Protein chains: 6
Amino acid sequence: MQVSARNQLAGTVKEIKQDDIMAEVTLQLADGVELVAVITASSAQRLNISVGSQVYVIVKSTDVMIGAD
Amino acid sequence: MQVSARNQLAGTVKEIKQDDIMAEVTLQLADGVELVAVITASSAQRLNISVGSQVYVIVKSTDVMIGAD
Amino acid sequence: MQVSARNQLAGTVKEIKQDDIMAEVTLQLADGVELVAVITASSAQRLNISVGSQVYVIVKSTDVMIGAD
Amino acid sequence: MQVSARNQLAGTVKEIKQDDIMAEVTLQLADGVELVAVITASSAQRLNISVGSQVYVIVKSTDVMIGAD
Amino acid sequence: MQVSARNQLAGTVKEIKQDDIMAEVTLQLADGVELVAVITASSAQRLNISVGSQVYVIVKSTDVMIGAD
Amino acid sequence: MQVSARNQLAGTVKEIKQDDIMAEVTLQLADGVELVAVITASSAQRLNISVGSQVYVIVKSTDVMIGAD
């Protein structure tokens, strides 16, 4: 399935921290470039991801902000 | 100002496309790694960004999804 | 690709209204059950959708609210 | 109160799972059509919902994505 | 209808700027305290709001970030 | 750093409730005007906020909805 969300970057699962409801997944996109995703624990299970899994980071473009110094 | 949003990645503005209300900003994070942000045209003006500006991409972790093959 | 977003419902594209930047897509899930998605015009083109296309509506569970009378 | 969020679908609460902070609410829209909402536990209490409650699922159109095969 | 979104603040419509698809609505919450909402133009019409309308600003708590100096 | 998110209001932290993953932060903007933010517990720690901290509430304009009676 192709998704309308514009931003889809390849990454590797580096850490998963979860409780009964939520999971915080740290993803490595490149050396020193990490992103954190907060998804439901049941979605993490359904995707069957663990440390080392090759995944995609997906972000809808209306959810991306820009910061400038 | 420091922002609670977990994900803040350095990037360069590659393209800005805008109409009266919305702006679509393409950002380059690394060679071949791009993200698109949709913000208001007035925010783009307020940040005073143009092609080549050094900026940060900011995404709240609850807005990050994961895809797996 | 499987996506972590919990909510994925089958639907049919009923109407697409777009300008240079944004597209408003009306989707029919069942008789009398419609949802509207606002995505970028370039995502609509990339997905190659038109009226009648069979698609999925995808919503991250943290973006769903509940209303009660 | 009428809400600007475009997508408001009638449903029934099927399951509520919660911890001190978050609640994961499964809603049935029709036979075999379910959506999951993640809201705060205190919002779930304030709405006074329980299994069987008739509610509305509300989603802002900018939070809806489209998937295509 | 009561909505699960935790944050509902009373305000007055101060300005509406819109094109065919999107509307940018500036809301005044108090003297010198303004918020901007980007909703679809059709939602703005459906709510029948104009400058001076008494409305509520609604934000889901998972969409609120915190900044600190 | 300046952030594209249009809505940035000054406030004071009134209460922090957190578990291992999520934190629910209640912020006071003015007398009787409160907002709740749900962020990750690690972001709350990184910002080093506690009850009484002077902070900013930040909301992207595409995440603001409008309600009308």
Side-chain angles (χ1 to χ4, degrees), chain D, chain E:
Chain D
M1 186 173 64
Q2 219 188 339
V3 181
S4 62
R6 287 287 290 279
N7 300 306
Q8 307 187 19
L9 304 177
T12 306
V13 175
K14 204 183 153 185
E15 190 189 348
I16 301 176
K17 205 170 111 181
Q18 69 183 80
D19 60 24
D20 282 353
I21 298 190
M22 303 307 283
E24 183 180 338
V25 184
T26 306
L27 304 139
Q28 184 159 27
L29 302 186
D31 271 358
V33 183
E34 291 182 6
L35 276 180
V36 174
V38 170
I39 63 176
T40 56
S42 52
S43 285
Q45 279 180 304
R46 185 168 49 82
L47 285 180
N48 197 26
I49 53 173
S50 54
V51 173
S53 298
Q54 302 299 309
V55 296
Y56 296 90
V57 169
I58 303 173
V59 184
K60 198 172 188 306
S61 56
T62 44
D63 289 327
V64 180
M65 291 165 285
I66 299 174
D69 286 320
Chain E
M1 186 172 65
Q2 219 188 341
V3 181
S4 61
R6 289 286 291 279
N7 301 306
Q8 306 187 20
L9 304 177
T12 306
V13 175
K14 204 182 152 185
E15 190 190 347
I16 301 177
K17 203 171 112 182
Q18 69 183 79
D19 60 23
D20 282 353
I21 299 191
M22 304 305 282
E24 183 179 338
V25 184
T26 305
L27 304 138
Q28 183 159 28
L29 303 186
D31 271 357
V33 183
E34 292 183 6
L35 275 181
V36 174
V38 170
I39 63 177
T40 56
S42 51
S43 286
Q45 280 180 303
R46 186 169 46 83
L47 285 180
N48 198 25
I49 53 173
S50 54
V51 173
S53 298
Q54 302 299 309
V55 296
Y56 296 90
V57 169
I58 303 173
V59 184
K60 198 172 189 304
S61 56
T62 45
D63 288 328
V64 179
M65 290 165 284
I66 298 175
D69 285 322

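This one's a predicted model, so the numbers in the text were calculated from it and none came from an experiment. So you know, we letter chains A, B, ... as the sequences are listed, proteins then strands, and number each from 1.
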Is any side-chain heavy atom of Ile39(E) closer than 4.5 Å to a side-chain heavy atom of Lys60(D)? yes
Among residues 8-16 of chain E, which residues come closer than 4.5 Å to chain D, judged by heavy atom distances? Gln8(E)
Taking 4.5 Å as the heavy-atom cut-off, does anything in residues 43-54 of chain E contact chain D, and if so which residues? Ser43(E), Arg46(E), Leu47(E)
Inter-chain contacts: residues 61-69 of chain D against chain E, heavy atoms under 4.5 Å: Ser61(D), Thr62(D)
So which residues of residues 21-38 of chain D are in contact with chain E at a heavy-atom cut-off of under 4.5 Å? Met22(D), Val38(D)
Test log, rule side-chain contact (heavy atoms from CB on, under 4.5 Å), inputs Ile58(E) and Met1(D): CA-CA 11 Å; Ile58(E) 303 173; Met1(D) 186 173 64; 3.7 Å; yes
